[in-house]
Amino acid sequence: MAGCRGSLCCCCRWCCCCGERETRTPEELTILGETQEEDDEILPRKDYESLDYDRCINDPYLEVLETMDNKKGRRYEAVKWMMVFAIGVCTGLVGLFVDFFVRLFTQLKFGVVQTSVEECSQKGCLALSLLELLGFNLTFVFLASILVLIEPVAAGSGIPEIKCYLNGVKVPGIVRLRTLLCKVFGVLFSVAGGLFVGKEGPMIHSGAVVGAGLPQFQSISLRKIQFNFPYFRSDRDKRDFVSAGAAAGVAAAFGAPIGGTLFSLEEGSSFWNQGLTWKVLFCSMSATFTLNFFRSGIQFGSWGSFQLPGLLNFGEFKCSDSDKKCHLWTAMDLGFFVVMGVIGGLLGATFNCLNKRLAKYRMRNVHPKPKLVRVLESLLVSVVSTVVVFMASMVLGECRQMSASGQIGNDSSQLQVTSEDVNSSTKTFFCPNETYNDMATLFFNPQESAILQLFHQDSTFSPVTLALFFALYFLLACWTYGISVPSGLFVPSLLCGAAFGRLVANVLKSYIGLGHIYSGTFALIGAAAFLGGVVRMTISLTVILIESTNEITYGLPIMITLMVAKWTGDFFNKGIYDIHVGLRGVPLLEWETEAEMDKLRASDIMEPNLTYVYPHTRIQSLVSILRTTVHHAFPVVTENRGNEKEFMKGNQLISNNIKFKKSSILTRAGEQRRRSQSMKSYPSSELRNVCDEHLPSEEPAEKEDLLQQMLERRYTPYPNLYPDQSPSEDWTMEERFRPLTFHGLILRSQLVTLLVRGVCYSESQSSASQPRLSYAEMAEDYPRYPDIHDLDLTLLNPRMIVDVTPYMNPAPFTVSPNTHVSQVFNLFRTMGLRHLPVVNAVGEIVGIITRHNLTYEFLQARLRQHYQTI
């Protein structure tokens, strides 16, 4: 176990940031979703399900393949490319909408308040100016909080949830239209309300929702709007479009299409191929140039000039022509950059530590209370932030001499671009002519403009002002992230880090005498160091920052700084998004398992207690299974009665050299008894009377082996298993623990669809008379399949039989009980599986593995059990 490592970890121990994973009993870990008492760690919950990324190649799907030719295949691919382009364009338009109204509201607010401050500084009525600023901010923040009450999943940046979705976890409500509307309008009001949040993070979430919903041509929120669009009715296609939409959101936010593509790849997409890479890059390019086209036209009136690539533009880094000694950076500066990376990693770890503590406090003391408490917390944060900004600008700022240019750019072109971004580039509150208030210039401007001030302002900022600004912004941004408003973290982290970098540059220039230093470079490296220490992204963040600066020479220092910041921060805790994923209890799968996990095998981690169905099952049994279990997939099995005698050996059940204790296995008789006892869930009294009667079953002649019958019955691949015959408590152990021959896997949604559409046949008929459903009919209700509890059971004849074999997946991915955990993990993650049956050498299913069996916490518990049994 890791103890406190370093002074930071020791001082943050109260924040639970350095306790890696203390010793826990297996019982505590296996009760997933509960909190561990020693370190209050939140364990993965079992109510999260995986996406169905694997194709179910059943009979309806094969019928589609039979009708598929090259022409239809090319048309399908063309439609997919058109949808990717549409997603990019729509994401760019969403970014344009947010940027336009944020700019409009911000200019209105700062214009009114600045005029009031200038007038009241003469009349002594600054309290009135503060009240005006509070009125604007509280109104905007209140509206943002109300929108989150409508759709709670719209709170925060949405990046942790999208990361989970790309990892293969189905997060409820994360990609709904209502979520998109609340997110877009909410982030608009929260940014305009002066909170220390950004709009770039929510843009990623918004792009992902556009990617998920646009190809469906229907919405749960707008049920009446539906189109007959038969394409992309699966989780496989949907997750590909979500990957493209998330990348488009990054591209629109930062003007970084390549960075957006790498973001989707780095931040969780467990399945990737070359074709998806091209589509995601094309979508990112579409979003970038759509936003660029409209922003450039609206702001400069020159349509088609493409001057503003993203919502956040870092401007051009260029030394002044008059300063011959100036260089953007030199080899000697790399040593300073490494040190800044270490400090940025420490600061990021502290930020994450404090924010995790705040998040846990909110989970225990704010979220359980009435929803109005969340609104009041957001308003409290708004009041404190507004008062701090106003008082710091009025009291703590220093009057600094303006540079010769009098503006914030290093060249005329940059001056033209940035002068439109803010109402005024510098603030002269309480300062004489030719001077400006440095604290007010940072606080009384939009965050993007403040970043440009730190990157490109030729005039100096006071070291005391930079230190105070960094401390105040650090604490308020940490407090703000996690309240019930849509909020991003990229821009606050960049601004906080830029102040830190500019402070380092001032110290090196003024006190060490390094005159060749370019302050803008150190501000950029400081922003990268702090952002890298908070979010712990490497590849994609490097490319995003390079594309945002349009300066390839910054590639090496940015990459080194981000790597050092990540390594330093990882020594103490996880990135902020991974922390919030853990706090939500989402079973996220990492890229690979630890080496010691190979001491375990599939038989050590699988779930042996199976709920199964027969190829031919009565409706009463299916309804009972669906109503008494929460499983999302069921093995389709037959009982291998010919191997009963060899199957039982003493007090242990042996199959394929893998031993299982009887107590760890749900007996087949118990399974059937639970089904028969659930008849009360069926409203028909006729069913109870029928089930109470003992119906003699037709035994096979001379107790022939069912496998032999299967071979003889060439006309049907699966025998009828006499669903009337139920095991009794008088059965011997051999009868209770019959081997189950595995034939396929069928999903809960498929079974409910079959029941809703009346797919069944009677005893007097053959299974060939059962109605057949097409692939389009099976996928018609996607993604909201009907629930078994909403089914009107009085319309069903419980004695009818359902043949599930045409609709099951007859060849899912399977593993042997002896497969090592690393192989199981790689197969499950890279193929995007939801269920992984464990089948022995003779075709008998002995267990099943889901996402929860592969989480770090579950594997650690099983590894401890393994050590105890050695």
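All values below were derived from every heavy atom in this structure, side-chain atoms included, with hydrogens, water molecules and symmetry-related copies excluded.
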- Query: Quick check: does any side chain N or O of Arg374 sit under 3.5 Å from a backbone N or O of Ser484, one acting as donor and the other as acceptor?
  - Reply: no

- Message: If you apply the rule side-chain contact (heavy atoms from CB on, under 4.5 Å), what do you find for Val191 with Val197, and how did you get there?
- Response: CA-CA 6 Å; Val191 174; Val197 299; 4.1 Å; yes

- Sole candidate of Thr350, Asn352, Val534, Asn355 that passes side-chain contact (heavy atoms from CB on, under 4.5 Å) when paired with Cys478: Asn355

- Check step by step if side-chain contact (heavy atoms from CB on, under 4.5 Å) holds for Phe85 and Cys283. CA-CA 5 Å; Phe85 175 73; Cys283 184; over 6 Å; no

- Query: Looking only at atom types and distance, does a side-chain atom of Gln447 sit under 3.5 Å from a main-chain N or O of Phe196, one as donor and one as acceptor?
  - Reply: no

- Should we count CZ of Phe105 as having more than 12 external heavy atoms under 6.0 Å? yes

- Message: Within this structure, what is the CG-NE2 distance for the pair Leu489 and His580, rounded to the nearest 0.5 Å?
- Response: 8.0 Å

- From CA spacing to verdict: salt bridge (charged side-chain N to carboxylate O under 4.0 Å, His left out), Glu448, Lys199: CA-CA 10 Å; Glu448 291 82 359; Lys199 58 180 178 289; 2.8 Å; yes

- So does Phe474 have more than 12 non-hydrogen atoms from other groups sitting under 6.0 Å from CZ? yes

- How close do Ser519 and Lys509 get, heavy atom to heavy atom, and via which atoms? OG-NZ, 3.3 Å

- Message: To the closest 0.5 Å, what do you measure between CG (Leu354) and OH (Tyr481)?
- Response: 15.0 Å

- Item | Phe490 vs Val250, side-chain contact (heavy atoms from CB on, under 4.5 Å): CA-CA, chis, key distance, verdict | CA-CA 11 Å; Phe490 273 95; Val250 176; over 6 Å; no

- Item | Phe97 atom CZ, neighbour heavy-atom count above 12 within 6.0 Å | yes

- Message: If only side-chain N and O atoms count, and only distance matters, is there a donor-acceptor pair under 3.5 Å linking Ser510 with Asn506?
- Response: no

- Where do Phe469 and Phe461 land on the ring pair (Phe, Tyr, Trp, His ring centres under 6.0 Å) test, with the steps shown first? CA-CA 11 Å; Phe469 176 81; Phe461 289 90; 8.7 Å; no

- So, Ser116 versus Glu132: side-chain donor-acceptor pair below 3.5 Å or not? yes

- Note on the structure: Separation between CD1 (Ile204) and CD (Glu161), nearest 0.5 Å, reads 12.0 Å

- Task: Supply the atom-to-atom distance Leu130 CG to Phe390 CZ, rounded to the nearest 0.5 angstrom.
- Result: 5.0 Å

- Message: Tell me which one of Leu562, Leu494, Ile544 satisfies side-chain contact (heavy atoms from CB on, under 4.5 Å) with Leu531.
- Response: Leu494

- Backbone N/O of Ala154 and side chain of His205: donor-acceptor pair under 3.5 Å: no

- Item | Minimum side-chain heavy-atom gap Thr261-Ile258 below 4.5 Å | no

- Counting only N and O atoms by type, is there a donor-acceptor contact under 3.5 Å from the side chain of Lys356 to the main-chain atoms of Ile576? no

- Query: Looking only at atom types and distance, does a side-chain atom of Lys109 sit under 3.5 Å from a main-chain N or O of Ala192, one as donor and one as acceptor?
  - Reply: yes

- Task: Specify the closest pair of heavy atoms between Pro202 and Lys183, including all atoms of both residues, with the distance to one decimal.
- Result: CB-CE, 3.8 Å

- Task: Search all heavy atoms of Leu291 against all heavy atoms of Leu96 and return the closest pair with its distance.
- Result: CD1-N, 3.5 Å

- Mark yes or no for whether Ser382, through its side chain, and Ser378, through its backbone, hold a donor-acceptor pair below 3.5 Å. no

- Among Leu195, Val383, Ile146, side-chain contact (heavy atoms from CB on, under 4.5 Å) partner for Val141: Leu195

- Message: Nearest 0.5 angstrom please: Ser393 OG to Phe443 CZ, how far?
- Response: 6.5 Å

- Task: First locate atom OG1 of Thr106, then atom CZ of Arg103, and finally report the distance between them rounded to the nearest 0.5 Å.
- Result: 8.5 Å

- Message: Strictly distance-based, threshold 3.5 Å: is any side-chain N or O of Ser548 a donor or acceptor partner for the main-chain N or O of Phe314?
- Response: no

- Look at the side chain of Thr549 and the backbone N and O of Ile546, then say whether any donor-acceptor pair between them is shorter than 3.5 Å. yes

- Message: I need the minimum non-hydrogen distance between Gly135 and Thr139, along with the two atoms involved.
- Response: O-OG1, 2.7 Å

- Message: Using side-chain contact (heavy atoms from CB on, under 4.5 Å), reason through Thr542 and Leu262 one step at a time and then give a plain yes or no.
- Response: CA-CA 10 Å; Thr542 300; Leu262 292 176; over 6 Å; no

- Query: Quick one: which of Val381, Leu134, Leu138 gives a side-chain contact (heavy atoms from CB on, under 4.5 Å) with Thr386?
  - Reply: Leu134

- Would you call the rings of Phe189 and Phe140 parallel, tilted or perpendicular if under 30° counts as parallel and over 60° as perpendicular? parallel

- Task: Check whether any side-chain heavy atom of Val543 lies under 4.5 Å from a side-chain heavy atom of Phe254, and answer yes or no.
- Result: no

- Message: Counting only heavy atoms not in Phe289 (residues, nucleotides, ligands), do more than 12 fall under 6.0 Å from its CZ?
- Response: no

- Task: Measure from the side-chain N and O atoms of Glu547 to the backbone N and O of Gly259, and report whether any donor-acceptor pair falls under 3.5 Å.
- Result: yes

- Message: Test your reading of the model: is there a side-chain donor-acceptor pair from Ser190 to the backbone of Ala144, 3.5 Å cut-off?
- Response: no

